[in-house]
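Reminder, nothing fancy here: chain letters follow the sequence lines and each chain counts from 1. Both backbone and side-chain heavy atoms feed into the values below; hydrogens, waters and symmetry mates do not.
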There are 2 protein chains.
Amino acid sequence: MKNRCENCIVRQFNALRAMSKEELKRVSDSKITKSIKKGQAIFEEGEKLNGVFCVREGVSKLSKLSANGKDQIVKLASKGEVMGQRSVIAEETSNLSAVAVSDMEVCFIPKEGIVDTLHNNPNFTVEVLRHMAHDLREADDVIVNMSQKSVKQRVAEAFLYLGENFGEDSEGFLSVTLSREDIANVVGTATESCIRIISEFKKKGYIKTSGKKIGVANEKKLRDLVEGF
Amino acid sequence: MKNRCENCIVRQFNALRAMSKEELKRVSDSKITKSIKKGQAIFEEGEKLNGVFCVREGVSKLSKLSANGKDQIVKLASKGEVMGQRSVIAEETSNLSAVAVSDMEVCFIPKEGIVDTLHNNPNFTVEVLRHMAHDLREADDVIVNMSQKSVKQRVAEAFLYLGENFGEDSEGFLSVTLSREDIANVVGTATESCIRIISEFKKKGYIKTSGKKIGVANEKKLRDLVEGF
DNA sequence: TCAAATATATGATTTTAGTCAGCTTTCCAA
DNA sequence: TTGGAAAGCTGACTAAAATCATATATTTGA
């Protein structure tokens, strides 16, 4: 009887914190904790979701397949984030796929506990709404970046974003390690173009690498580049 | 005492339909109806909104200024759509500007009536949530289109989108008339590139024009182009 | 009504990014 | 451990789109 939602710290980061003791107890009783290996899918685009997934550990990419066969990564979800809530709320199949970028631990929460609480606890609903409003703003920002910034600017911004949102290890390397292809899919460019820019940044001393690991070496330069200087 | 929300048909298209009679009465008593001339701003990016705007008539563009001085149009809002709710809910300044692209009539609804209802009427809150979930999905789709489709495909898609969502007049021209610059800002491209593509589509008979007005002439061809054939 | 301002159009050129090809390194499972 | 697959890298070339320049048409306000 360990791993109760009531004691789970990641809950502080998401809408579940607005649930009452009873509601949380119900969710905790119905949830299923799963271990997901790096590269494994949590759910697929077009799938009907019978619940949401709360990330306890690790990072997942949320992506959408485009007509030309490329994956566009729309969001990266880490500790505390809830995946699949949009689909559950809209009662639609998922518009995104979720694949683990590192080994993960996620809790599957059947939708009933969520949907009932939505209809009975306005505090919870408003909290969910706030989170979704936040996601929507982020999505708007991504749209503007995609259309108005160069690939080089977007790559620079991606590294800054990863550093800010997922942190760095003790040696200053980004905590999330993405393949070059994944970085390209976040940025929305060809893998080769992405690699070329990474090489350039490294040569100029903006970033440092060690194997797959990448670290921001000159934040100011990267930031200037993003701003268009 | 005409123009009561209770009798307003556009309410059917948005979350206000989930309000109770009393809640609606309060909103109706506090709302202010405004006429907005084409080109006039309804609110600006960075502005603190003290309420939401419900569109009764006309079309507004919701856009965000990018660092390089270009406007990216993120969404077009017409009859029944509520603007500014994201900011009111998140209690943040607006991330978008709203400017009328045709003469408009909008109702300003002070946030108190909305926020109180959000905390007291779960049906309303869930309805708002559903609408936001829908917007978020659309935003995800836009992100993928931006990064994976060519400018030509995006222009074609824009015309199809405008036809589907805002309709056509009796002669088959799109009901929303946007300047070439606005179309370019929807698509996220340079105005010249946009004009060039419009010329090409016209030459090929995919679209027809009459002054500023544009009409879809060969839907199938446009659709094939979007799909990558 | 007419001149200035704005919007539309098109050509020439440059820049940016995508594609294709080949090569090296790293990873992983038999 | 080692051989094949996947990932990473680089060069050459091509395609797409932005930019710059200029011309024409349309709107608009004095």
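For Ser193(A), whose side chain is taken as the heavy atoms from C-beta onward, the closest listed nucleotide among dA17(D), dT19(D), dT19(C) is dT19(C). Among the nucleotides dG8(D), dA17(C), dA18(D), the one closest to any side-chain atom of Arg180(A) is dG8(D).
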Give each protein N/O atom lying under 3.5 Å from an N/O atom of nucleotides 28-30 of chain C, with the pair distance.
none

Write out a two-atom table: protein N or O, nucleotide N or O from nucleotides 21-30 of chain D, distance below 3.5 Å.
none

Sort me out a list of protein N/O and nucleotides 3-6 of chain D N/O pairs below 3.5 Å, or just none if empty.
none

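A donor-acceptor contact shorter than 3.5 Å is absent between the side chain of Asp103(B) and the backbone of Lys37(B). No side-chain donor-acceptor contact under 3.5 Å links Arg86(B) to the backbone of Leu136(A). In terms of modelled atom types and a separation under 3.5 Å, the side chain of Ser60(A) and the main chain of Val99(A) share a donor-acceptor contact. Between the side chain of Ser179(A) and the backbone N or O of Asp182(A), at least one donor-acceptor pair lies under 3.5 Å.
Straight-line distance from the NZ atom of Lys149(B) to the C1' atom of dA16(D): 17 Å, rounded to whole Å. Residue Lys213(A) contributes atom NZ, which lies 17 Å from atom C1' of dA7(D) at whole-angstrom precision. The nearest whole Å value for the distance from the CD atom in Gln148(B) to the C1' atom in dA17(D) is 17 Å.
Closest approach of His131(A) and Ala15(A) over heavy atoms only: NE2-N, 3.7 Å. The two residues Asp169(A) and Ser175(A) make their nearest non-hydrogen contact at N-OG, 3.9 Å.
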**Item:** salt bridge (charged side-chain N to carboxylate O under 4.0 Å, His left out) evaluation trace for Glu168(A) with Lys208(A)
**Value:** CA-CA 13 Å; Glu168(A) 301 177 340; Lys208(A) 56 184 176 180; over 6 Å; no
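Proximity of Lys79(A) to Arg56(A): side-chain heavy atoms (C-beta onward) are nowhere separated by under 4.5 Å. Proximity of Val52(B) to Leu49(B): side-chain heavy atoms (C-beta onward) are nowhere separated by under 4.5 Å.
Distance check: Ser66(B) OG to Asp71(B) CG gives 8.0 Å after rounding to the nearest 0.5 Å. Between the NZ atom of Lys64(B) and the CG atom of Asp141(A) there is a distance of 4.5 Å, given to the nearest 0.5 Å.
Taking the screw axis at each terminus of the helix from dT1(C)-dA30(D) to dA30(C)-dT1(D) from five consecutive base pairs, the angle between the two is 50° to within rounding of 10 degrees.
Contacts with DNA chain C (heavy atom under 4.0 Å) in residues 195-206 of chain B: Ile195(B), Arg196(B), Ser199(B), listed by number.
Put simply, Thr189(A) has a side-chain N or O that comes within less than 4.0 Å of OP1 or OP2 on dG18(C).
Partners of Glu181(A) according to the salt bridge (charged side-chain N to carboxylate O under 4.0 Å, His left out) rule, which considers only residues two or more places apart in sequence or in another chain, do not exist here.
For Gln40(B), the CD atom is densely surrounded, since the number of other residues' heavy atoms within 6.0 Å is greater than 12.
Residue Glu200(B) is tested with Lys203(B), Arg196(B), Lys202(B), Lys204(B) for a side-chain contact (heavy atoms from CB on, under 4.5 Å); the sole match is Lys204(B).
Classified by interplanar angle (parallel below 30°, tilted 30° to 60°, perpendicular above 60°), the ring pair Phe108(B)/Phe53(B) is tilted. Note on ring orientation: taking the six-membered ring where Trp is involved, the planes of Phe166(B) and Tyr161(B) are perpendicular (angle over 60°, cut-offs 30° and 60°).
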